[in-house]
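Structure record follows, encoded as structure tokens.
Here is the naming used below: chain letters follow the sequence lines, and residue numbers restart at 1 for every chain.
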Number of protein chains: 2
Amino acid sequence: MNRVGTQKKILDAAEKLLAHNGYHATTLRAITAEAGVNVAAVNYHFGSKEALLDNVIERRIVPLNSARMEMLESVRADALTRGRRPSVRDLMHAFVAPTISFRDSGKGARNFIALVGRTLGEPPSAVQHSFFRFMEPFIKLMLGSLKEALPELSDDLLLLRFHLSVGMLVYTIRMADESDILGQTRALSDIGNKTIGKSKGGSGVGSKAPAKRPVDTANTTEKLVDEVVNFMTAGMEA
Amino acid sequence: MNRVGTQKKILDAAEKLLAHNGYHATTLRAITAEAGVNVAAVNYHFGSKEALLDNVIERRIVPLNSARMEMLESVRADALTRGRRPSVRDLMHAFVAPTISFRDSGKGARNFIALVGRTLGEPPSAVQHSFFRFMEPFIKLMLGSLKEALPELSDDLLLLRFHLSVGMLVYTIRMADESDILGQTRALSDIGNKTIGKSKGGSGVGSKAPAKRPVDTANTTEKLVDEVVNFMTAGMEA
DNA sequence: CTTTAATTCAAACATGTGTTTTAATCAACT
DNA sequence: AGTTGATTAAAACACATGTTTGAATTAAAG
């Protein structure tokens, strides 16, 4: 049993359970049971529960932000080469695509994204401040770029619209969870019932299966990105 | 000390603390200390912690939903009278306005709205199911109305866009909390710094004050509603 | 091989948390 | 005033939870 193995086991288990239950409703004993290690291991390897959360977030946010910054820089460089302002659509795409693509890269990533959504909704904490420290460069550049793209928009309105976009993305990433509101909304609605009815008739799949997916994600991470970007771009330019 | 007084005290205190800290991080002893009553009172009057949360939500959701349904029915009646489809803008307004207006009707209401946002983000629970039971009639009618307003939109896309709008509203209502992301986003950005700079020069108000408000809410609940509705309408019609 | 360092483990620690119990107090009714 | 029911309060209950401790085990170094 080596240190890298134990730490990774704990981080993976924590990611999964924290994403599903949130920080306060997840105990160290649950995490360590999931990881198959002793509860003292958390304090030995990470120091505290909060530090564990910090580590869970940090190991993922760094590569995700690299992807985001790269894409954003690419959009800006492209616009500069053409002597034009960056397009709002391209900017929102740089904002949305890395997150949703990352989310669909695996179960762990999916949990992580859900965890970020949760963490952003918590009261201020050391972890949240840490999260913002990582996000700062991207947010600065993103807002600056949006200002260039939409120069006629007041600062307050630009910020509000960006904020609404952040909210939308944060919420969209919560789709990771089967408890998600969309599934329940669909279940409540006549529209949902009709869709289920169609699937039943057409595909022979059990009537419950399609109800879990807002979009056919088997081939449409890109499609989801497009639809979210469409919505946001229209809203930013409204 | 009569029963109505004690119950109300507990409900108000719970609303406040649950909104700020979430269910799992709020203890009954904290609530009862805030309410100035004994911890046993919770179990005496409400039966359990979870039942308390249920009561906190129920006492507010019923009137809020009445307002929403009334507004939505009005939009539909108006369209019917004119022999037209309901407009997306009017529908989104009926969705957004009661919530944001209610939020700005007082500190308690503000806390309640924040609490709803939190509750929607929790794992499935009896309270969440209860919440959906209350929301069901509105959601059904809303989706049906949107279908009428946007008949060329596929069911999946309609549902996705509604879902994104729900997410946006849920997130917007989180602005109740000073820990809110927008405040921090602004603090991080150059745009934010400029705005602060302007306020300092122009109004004589301490430089910290404007940083807490995305929009001048002293006179602009209506303005915020308009901006959110603008964004959503553009997105729904994209 | 021996020694040192790292890791794991079970138990203990210090405290917390929702719930229950029971007696005292208050309120309402006759 | 006495009786009954409602309410409050403090203490106890039954566990839970993050953290610490010290011994045992494993790994690494010389």
> Atom CG of A:L18 and atom C1' of D:dG18: how far apart are they, to the nearest Å?
Replying inline: 14 Å
>> Just checking A:E70: does its CD atom have more than 12 heavy atoms from other residues, nucleotides or ligands closer to it than 6.0 angstrom?
In response: no
>> Using whole Å, what does the distance between atom C1' of nucleotide D:dT17 and atom CG of A:L52 come to?
In response: 15 Å
>> Under 4.0 Å between a side-chain nitrogen and a carboxylate oxygen: does that hold for A:E227 and A:K223?
In response: no
> Just how far, in rounded Å, is C1' of D:dG18 from OH of A:Y23?
Replying inline: 9 Å
>> Base, sugar-phosphate or nothing for A:A40? Non-hydrogen atoms, less than 4.0 Å.
In response: base
> For the residue pair A:F95 and A:F162, does the interplanar ring angle fall in the parallel (under 30°), tilted (30 to 60°) or perpendicular (over 60°) class?
Replying inline: tilted
> Just how far, in rounded Å, is C1' of D:dA9 from CZ of B:R29?
Replying inline: 13 Å
> What is the distance from CD1 of B:I31 to P of C:dG18, rounded to the nearest Å?
Replying inline: 8 Å
> A:V39 near the nucleic acid: base, sugar-phosphate alone, or nothing, with a heavy-atom cut-off under 4.0 Å?
Replying inline: base
>> In this structure, how many angstroms lie between the C1' atom of C:dG18 and the CG atom of B:L53, rounded?
In response: 15 Å
>> Please tell me if A:H24 has a side-chain N or O lying less than 4.0 Å from either OP1 or OP2 of D:dT17.
In response: no
>> Under 4.0 Å, heavy atoms only, any strand: does A:T26 hit a base, just the sugar-phosphate, or nothing?
In response: sugar-phosphate
>> When you measure from the side-chain N and O atoms of B:S48 to the phosphate of C:dG18, is any distance below 4.0 Å, counting only OP1 and OP2?
In response: no
> What is the distance, rounded to the nearest whole Å, between atom CG of B:N38 and atom P of C:dT25?
Replying inline: 15 Å
> In whole angstroms, how far is the P atom of D:dT7 from the CG atom of B:N43?
Replying inline: 15 Å
> A:F112 ring centre to A:K16 NZ or CZ under 6.0 Å, with the angle to the axis within 45°?
Replying inline: no
